[in-house]
Colleague: 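Here it is: the structure, laid out below.
Quantities reported herein were computed from a predicted structural model and do not represent experimental measurements. Computed over heavy atoms, backbone and side chain alike; hydrogens, waters and symmetry mates excluded.
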Amino acid sequence: MTALMTLFWRLAIFRAGPENAPYSSSLLGLVLLGWCGLQLLVGSLQTALPVLVLLSSQLTSMTVILAGIFVLLGFKGLQSRWLQTALSLVGIDVVLTLVTLPLLAINAGMAQSQGWIEGLYLVLVSWQLAAQSFVYHRAMNVGPFLGLGIALTLLVAGYATVVMLVPEVVTVTR
């Protein structure tokens with residue numbers, strides 16, 4: 001487990017590429033299961049939405065990303081890289097979620113949201129986008145800026161799909 005977390009950390013700090021991830025579908029399933037648990041914890045710290053809504057929104061977003069990379073890798077004729085790319089992306093998300101967890105817990109315990117914590121959270125989200133861009137760059141043999149474009153496109157597509165399929169996540173206060 002330590003070796004796996006070290007690999008995910010190295011991916012998050014641009015010291016390893018998706019080609020360094022093991023080619024194991026059972027490991028991807030295990031990491032996705034841990035990711036789901038973390039996302040439920042993070043979601044419960046950030047909002048009062050029901051567990052089913054949180055889980056369905058996170059799974060929808062991840063499905064869009066994983067399907068998107070499947071299509072893009074297929075377009076480039078690199079389908080064999082999907083498993084390692086998917087494992088790398090989910091692993092980066094797990095590691096950076098673990099980094100953000102203390103910030104979210106502190107913020108949840110405060111009566112009023114702290115701006116500096118939200119600022120750090122924004123930096124970590126940006127870092128995650130950069131790490132994902134690096135994975136796309138390496139997995140798809142594209143330039144770094146196209147990797148960023150892919151990351152942003154899949155992020156927006158994921159959020160748009162969530163809003164369409166799980167509209168409960170968008171709350172309007174009047």
Side-chain angles (χ1 to χ4, degrees), residues 1-46 54-55 57-73 76 78-108 117 119-159 162:
M1 188 58 100
T2 304
L4 191 59
M5 291 305 284
T6 301
L7 170 66
F8 293 155
W9 178 251
R10 289 178 46 77
L11 283 162
I13 61 170
F14 316 105
R15 298 284 186 234
E19 67 275 5
N20 300 117
Y23 193 90
S24 169
S25 57
S26 57
L27 184 58
L28 176 61
L30 183 64
V31 173
L32 275 169
L33 190 62
W35 173 85
C36 282
L38 272 175
Q39 292 304 312
L40 285 175
L41 179 59
V42 166
S44 65
L45 287 171
Q46 290 180 315
L54 289 172
L55 188 59
S57 68
Q58 293 299 329
L59 288 175
T60 299
S61 179
M62 184 57 76
T63 300
V64 168
I65 290 170
L66 296 181
I69 61 171
F70 182 80
V71 168
L72 290 170
L73 285 169
K76 300 266 302 175
L78 302 169
Q79 300 93 332
S80 62
R81 296 183 183 184
W82 182 84
L83 190 62
Q84 291 172 296
T85 304
L87 183 60
S88 298
L89 292 170
V90 176
I92 287 169
D93 199 355
V94 166
V95 164
L96 293 179
T97 299
L98 288 172
V99 170
T100 61
L101 207 53
L103 293 173
L104 295 173
I106 290 169
N107 215 23
I117 291 177
L120 282 176
Y121 186 68
L122 181 61
V123 167
L124 289 170
V125 168
S126 300
W127 178 9
Q128 181 174 356
L129 260 177
Q132 289 173 345
S133 301
F134 182 72
V135 168
Y136 297 137
H137 156 67
R138 295 284 286 266
M140 296 182 194
N141 296 331
V142 297
F145 288 114
L146 184 53
L148 179 60
I150 293 168
L152 288 170
T153 301
L154 290 175
L155 176 72
V156 170
Y159 283 142
V162 167

Colleague: At their closest point, which heavy atom of Leu27 faces which heavy atom of Pro22, and how far apart are they?
Modeller: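 Shortest heavy-atom separation between Leu27 and Pro22 comes out as CD2-CG, 3.5 Å.
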Colleague: Just verifying a value: how many Å separate Trp82 CH2 and Leu66 CG, rounded to the nearest 0.5 Å?
Modeller: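 So the CH2 of Trp82 and the CG of Leu66 are separated by 5.5 Å.
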Colleague: My understanding is that only one of Leu104, Leu122, Ile106 makes a side chain to side chain contact (heavy atoms under 4.5 Å, CB included) with Ile117; could you say which?
Modeller: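 The passing option is Ile106.
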Colleague: What pair of heavy atoms forms the shortest contact from Gln128 to Ile92, and how long is it?
Modeller: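 Distance-wise, the nearest heavy atoms are CG-CG2, 4.4 Å.
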Colleague: Whether the side chain of Ser88 engages the backbone of Gln84 through a donor-acceptor N/O pair (distance < 3.5 Å, no angle test) should be reported.
Modeller: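 Between the backbone of Gln84 and the side chain of Ser88 there is a qualifying donor-acceptor contact (under 3.5 Å).
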Colleague: Could you pull out the closest heavy-atom pair between Ser24 and Leu83, with the gap in Å?
Modeller: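 Minimum heavy-atom separation between Ser24 and Leu83: N-CD2, 3.4 Å.
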Colleague: Please report the closest heavy-atom contact between Gln58 and Gln39, naming both atoms and the distance.
Modeller: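 Taking every non-hydrogen atom into account, OE1-OE1, 3.2 Å.
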Colleague: Search all heavy atoms of Val31 against all heavy atoms of Leu87 and return the closest pair with its distance.
Modeller: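 Closest approach of Val31 to Leu87, heavy atoms only: CG2-CD1, 3.8 Å.
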Colleague: Atom CG of Leu124 and atom CG of Leu103: how far apart are they, to the nearest 0.5 Å?
Modeller: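 One gets 6.5 Å once the value is rounded to the nearest 0.5 Å.
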Colleague: CG of Asn141 to CG of Leu146: how many Å apart, nearest 0.5 Å?
Modeller: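 Between atom CG of Asn141 and atom CG of Leu146 there are 11.0 Å.
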Colleague: Measure from the side-chain N and O atoms of Arg10 to the backbone N and O of Ala16, and report whether any donor-acceptor pair falls under 3.5 Å.
Modeller: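 Side chain of Arg10 to backbone of Ala16: no pair is present.
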Colleague: Between Val142 and Gly147, which heavy-atom pair has the shortest distance, and what is it?
Modeller: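 Closest approach of Val142 to Gly147, heavy atoms only: CG2-N, 4.0 Å.
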Colleague: Mark yes or no for whether Thr100, through its side chain, and Thr97, through its backbone, hold a donor-acceptor pair below 3.5 Å.
Modeller: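 Side chain of Thr100 to backbone of Thr97: a pair is present.
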